[in-house]
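Each chain gets a letter, A, B and so on, in the order the sequences are listed, and its residues count up from 1. These numbers were taken from a predicted model, which means no experiment stands behind them.
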Amino acid sequence: MTEWQKKSPLEWLSYVNKEVKVLAAEKNTYQGWVLTVDPVSANILLAQPLENGKMSISAVLGHAVQDVEIVNEADDTMKEKLSHLFMPEERQRYSQ
Amino acid sequence: SSLSSLVTPNTAELEEEQQGRVLLRERYLRSLLAMARQPVSFAMYEKVNVTALFGASDIDILNFQVSELQTPLGVQREALLRCSDIIAYSFEL
């Protein structure tokens, strides 16, 4: 198990809403805003806004994570955006 | 009362950790739902990159079921990817 996989849920939680640089296996690097870390697999889920208004979602698998460096902290607008990304729309939830 | 004072801080800590775990897991599972039927790029070991339509994952996130897997040897209609072979995956939302 790697250091990243051994962290506790509360430690992973402290990365949510932070912009990070992830160093992964075979010298791959990924940058984005942390949406979540799956507590089962330690997969780290990142969001990166694109110029066309869409979001690029990337996940680095827990076993391949070598280092995670925090580079920025989300403001309230970004936090709001990140928290709604995968939530069902209000009308889908209540209309039927 | 001496027993409860021993037990209480521990329980509170466990509770907090459990709530954190729930939040993290729910967000991850919702991301898998959002990924269903979407084209996803997978970066595998040995610099192999493949794309496929995401289907589902098992509960332990050990395997991904995908379809229309584009490989250098052709298209696999249905396939299972072992998560231990994958470094990262990405899609657009």
In terms of hydrophobic clusters joined by side-chain contacts under 4.5 Å, are [X] and [Y] together?
X	Y	value
A/Tyr15	A/Leu10	yes
A/Leu82	A/Val34	no
A/Met87	A/Trp33	no
A/Val20	A/Met78	no
A/Ile70	A/Ile44	yes

Most chain B-contacting option - heavy-atom pairs closer than 4.5 Å, from [options]:
options	answer
A/Ala59, A/Gly62, A/Ala47	A/Ala59
A/Val60, A/Val65, A/Leu45, A/Val40	A/Val40
A/Pro39, A/Ala64, A/Ala25	A/Pro39

Need one label for [X]: side chain, backbone, both or neither, based on atoms under 4.5 Å from any heavy atom in chain B.
X	value
A/Asn28	side chain
A/Leu85	both
A/Val22	neither

Heavy atom to heavy atom, less than 4.5 Å: which residues from residues 51-72 of chain B reach chain A?
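When heavy atoms of chain A are the reference, residues 51-72 of chain B contributes B/Ile59, B/Asp60, B/Ile61 within the under-4.5 Å range.
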
Taking the side chain as every heavy atom from C-beta outward, state whether A/Leu61 and B/Phe42 have any pair of such atoms under 4.5 Å apart.
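The answer is no; the side chains never approach within 4.5 Å.
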
Is there a side-chain contact between B/Arg27 and A/Ser83, using heavy atoms and a 4.5 Å cut-off?
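Side chain of B/Arg27 against side chain of A/Ser83, heavy atoms only: contact under 4.5 Å found.
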
Taking all atoms of both residues into account, what is the closest heavy-atom pair of [X] and [Y], and its distance?
X	Y	value
A/His63	B/Cys83	NE2-O, 2.8 Å
A/Ser8	B/Glu17	CB-OE1, 4.4 Å
A/Lys54	B/Glu92	CD-OE1, 3.4 Å
B/Leu24	A/Val37	CB-O, 3.3 Å
A/Glu26	B/Met44	OE1-O, 4.3 Å
A/Thr36	B/Tyr28	CG2-N, 3.7 Å

Taking NZ in A/Lys81 as the centre, count heavy atoms belonging to other residues, nucleotides or ligands within less than 6.0 Å. Is the count above 12?
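Atom NZ in A/Lys81 is not crowded, with 12 or fewer foreign heavy atoms closer than 6.0 Å.
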
For the NZ atom on A/Lys21, are there more than 12 heavy atoms of other groups (residues, nucleotides or ligands in this structure) within a distance under 6.0 Å?
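Count not over threshold, so no.
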
Distance, nearest 0.5 Å, that separates [atom1] of [X] from [atom2] of [Y]:
X	Y	atom1	atom2	result
B/Leu32	A/Asp38	CG	CG	7.5 Å
A/Phe86	B/Glu26	CZ	CD	12.0 Å
B/Tyr89	A/Ile57	OH	CD1	10.0 Å
B/Glu16	A/Leu13	CD	CG	9.0 Å
A/Lys27	B/Lys47	NZ	NZ	8.0 Å

